[in-house]
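Have a look at the structure below, then the notes.
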Amino acid sequence: MKVFRIKLAAVLFMVVAVVGGPLVGTAQAAGKVALVIDVGGRGDLSFNDMGFKGADEAVAKFGMELVEIQSNSAADYLPNLQNAARSNAFDLIIGVGFLLADAMAEVTDQFPNQKFAIIDVTWLGKPNLQEVGFEEHKGSALVGALGAMVAAHYGYDKIGVVLGIEIPVLYKFEAGYRFGLHWGNAKTAEVTGKAADVGLLWTYTGTFSDIAKGKMATQAMLAQGAGLIYNVAGPLGIGDLEAITEHLEAKGKTAGPPFMIGVDANQDYLGDGHRVLASMMKRVDYGVYSVIESVANGTFKSGVRILGPGNGGIAISRQQDLGDFIDFGIKGGAISENDRSQITANWRAMRAAVPAWIWEAVEELEGKISSGEAKVPCDWCADSIKAIRAQYPD
Amino acid sequence: MTAKAILIKRLHPIIESVLAGVIGLMIGAVIMLAYGYNPVAAYVSLFQGSFGSFYSWAESLANATPLILTALTFAVAMRGGLFNIGAEGQLYIGALAAVAVSLIHLPSPIHIVMALFAAMLAGMVWSLPVALLKLTRGVHEVISTIMFNWIAYFLALYVIAHVLTDPIRGEKTISIVETSRLARILPGTTLNYGLIIAIIAAVVVLFVLWRTTVGFELRVSGHNPVAARYAGISQRRQILTVLLIGGATAGLAGAVQVMGRPPTYAVLSGLPQLINLGFDGIGVAMIGRNHPIGIIVAAIFFGGLMAGGRIMQFSPGVPLELVRVIEGVIILTLAVPELRNLLGSFWRRFAKKKVHDGS
């Protein structure tokens, strides 16, 4: 009974504290940002979590307040954006992901004086909306080249790519990867003096959620001699990596090759740090961060902003990113703090085992793409992907 | 019975529900306190977001629309003594059928009517195997409806990706054409004329159940199968009727959700705007005591919880996961009275059977 009374007192105290708290008043924030997330939700260690990461860092830097609004159903997209706009409390409302495009098109017309931004959409053209697009084809070219050279170095004759649903955005990844593969083969021939002919295996799994499909596709590619698998299907990467891990276990190994290439976030820390060779980082966090920054310092502009290798939007994962994303992985619950040193050591060993000329070649390609010397196909190739496939064959 | 006694009898379930709701809110408050959120502020925004303004009423009613229809599916079956949880799958199929009708060109009102009928028909067809399995092989409807829900889910994914696919956006079906869309009642909201369709369906079910011979037989066999058999009411026909009516309303639910809910007017891969509407309908039917009028009230309440939950996320900043927990607790406590009746009647039936068996 006494225990009960104590508990009751504690609860009452909490009630008073919580109810009374707001009356005392809180510090005024310099501005308020709403981040509306699609049904994929948080915890994906990839796209949505990256969007949150960028917003979180930006509001901390500029002394603003962040409100995160998740969507429980596709029917929530429009009301969630409308509620945020109608409350008149937000300096900026950001929609994370192309699934919000239709709702965003409507809400930007409905609230012409509200500033909006959307990630991964470039076709709406509204006067109060900043649309942030990414040059995924250029990043994919970098990992394609890396993959081709690494596969040749380790004596594999194929590299693979596991894609999600066959939609035009993914054609950008496929086309870039094809271009990179051919560039990498040419480079290997040039450096080693032997003809390189690494081929391509590619599968559209038709899903962004069925992890088992990613595993199956990867198993099939490994059986056909693939030395490296590029994940272009969000969470399916978990399945890709599982297949690679099992493949290695069967040979009594833990470290690649075969390797995976991560996507969107830096996923190098997965697979104990030595099965994901690199990641094609699409810095959604940077996109979100920079649009909040522009609102904070009054330089917000509507229209399309394209982020690529030249301006920090697209990059191949490097040492300085790893620590940052180990934190990200710990927050997301994928790994724990105890794993940090082991992962870092494994990662360094994996990267060091790849000859320096390969990394230099990747940097060379990155420079050429940024300067425009190397033209990666497919800005938007819904109608020309077949021609690109013919030009850069399997 | 005196007038007073009748009044008390009528008021009893309402008082019971209100009490259950209050208990649910209190449990929710304790949970929020435990996680360090202010329950007063949270409930204020829950109310404002659900019934606090003209706009929030519109959103609550928009959310209620498909739930009224899926709740009818469950309620009709319950009245007939069946436990039909197949609304979920029938609603997917209904939505796809409504989209498919957009492949043909028709003038506006006819197109809408055609799409609604196609959806109802599709829902009925999808519930037919359940009825046949029960009638011919004695397969329990709980098992078969769960299975058919999954079959419908994967069939829908296939149809979205390969049959009704949007040629430039592979993640969704083609959008329903303008001539087949349900207009909005209030511009700037998602409330549309689907609500009227849902209310008409509820009224039709009310009429059929309490004003026709079919409905009478159905309720009798649900209430007391032994008496029904003694009175010469065919049990087999009841099963078919119940499942077909249920299929029609569930199919309609899918249709109004996809024809009326802006902005995409298409079924998206993963069915994010349809998923769980069938199961939520069970909760709505329970809270509404399996009565069409009760269902309309319960669905509006349920829709209000969903609409208000969106606001709870940004005014006191309660995360969506916790919002769902609070909603679940409130719904669960509200369903307790009906759940008790349900279990009670099952228990009585079970006990009677034992007596019959002589054991």
Side-chain angles (χ1 to χ4, degrees), chain A residues 10-11 14-15 17-22 32 34 36-43 65-80 82-84 86-87 89-90 98-107 110-111 164-170 204 206-210 382-383, chain B residues 29-30 32-34 36-41 49 53 55-56 59 62-63 66 157-158 160-162 165-172 175 187-190 257 261-277 306-307 309-311 313-317 319-321 323-324:
Chain A
V11 168
M14 276 163 79
V15 170
V18 171
V19 174
K32 228 171 155 184
V36 180
I37 292 173
D38 69 34
V39 288
R42 287 286 310 286
E65 196 185 321
L66 173 68
V67 173
E68 182 195 5
I69 305 165
Q70 298 198 57
S71 303
N72 194 30
S73 147
D76 285 350
Y77 297 156
L78 187 57
N80 278 344
Q82 283 173 332
N83 285 335
R86 195 171 275 120
S87 73
F90 296 102
F98 79 101
L99 290 175
L100 292 149
D102 293 333
M104 188 59 90
E106 183 171 332
V107 87
Q110 199 186 340
F111 299 93
I165 299 173
E166 193 164 347
I167 49 177
V169 187
L170 289 211
Y204 281 91
T207 170
F208 283 112
S209 55
D210 189 351
D383 44 3
Chain B
V30 171
M32 275 189 277
L33 273 176
Y37 296 100
N38 180 346
V40 177
S53 70
Y55 170 78
S56 48
E59 284 305 322
N63 287 337
L157 292 191
Y158 178 82
I160 294 164
H162 298 284
T165 320
D166 186 317
I168 51 167
R169 283 177 56 190
E171 86 284 5
K172 69 181 196 67
S175 285
T189 71
T190 62
Q257 185 74 348
R261 213 69 192 270
T264 305
Y265 299 102
V267 183
L268 306 163
S269 187
L271 318 176
Q273 82 273 53
L274 299 175
I275 221 143
N276 278 341
L277 289 175
M306 287 154 77
R310 295 172 187 151
I311 307 284
Q313 283 194 73
F314 58 91
S315 165
L320 181 68
E321 292 80 3
V323 169
R324 292 284 290 167

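Below, chain A is the first sequence line, B the second, and so on; all start at residue 1.
At a 4.5 Å heavy-atom cutoff, the contact between A:Leu99 and chain B is made by side-chain atoms alone. In this structure, chain B has heavy atoms under 4.5 Å from both the backbone and the side chain of A:Ile69. Contacts of B:Pro319 with chain A are absent, with no heavy-atom separation under 4.5 Å from either backbone or side chain. In this structure, the portions of B:Thr264 lying under 4.5 Å from any heavy atom of chain A include both its backbone and its side chain. Contact annotation for A:Phe111: neither backbone nor side-chain heavy atoms come within less than 4.5 Å of a heavy atom of chain B. Of the atoms belonging to A:Ser71, it is backbone heavy atoms, and not side-chain ones, that fall under 4.5 Å from chain B.
For the atom pair B:Leu320 CG and A:Glu68 CD, the distance stands at 9.0 Å (nearest 0.5 Å). Note that OG of B:Ser53 is 7.5 Å distant from CZ of A:Arg86, once rounded to the nearest 0.5 Å. For the atom pair CD1 of B:Ile311 and OG of A:Ser87, the computed distance is 8.0 Å after rounding to the nearest 0.5 Å. Remark: A:Asp102 CG to B:Ser175 OG distance equals 7.0 Å, nearest 0.5 Å. Atoms CD and CZ, from A:Gln70 and B:Arg310 in turn, are 14.0 Å apart once rounded to the nearest 0.5 Å. Between B:Phe314 atom CZ and A:Lys32 atom NZ the span is 8.5 Å, to the nearest 0.5 Å.
Each of A:Asn72, A:Asn80, A:Val39 has some count of heavy-atom pairs under 4.5 Å with chain B, and the biggest count is that of A:Asn72. Contact count versus chain A (heavy atoms, under 4.5 Å) is highest, among B:Gly317, B:Ala161, B:Gly188, for B:Gly188.
Counting only heavy atoms from C-beta outward, the side chains of B:Gln273 and A:Tyr77 never approach each other to under 4.5 Å. Between A:Ile165 and B:Ser269, some side-chain heavy-atom pair lies under the 4.5 Å cut-off.
Proximity of a side-chain donor or acceptor of B:Glu59 to a complementary backbone N or O of A:Pro79 within less than 3.5 Å is not detected.
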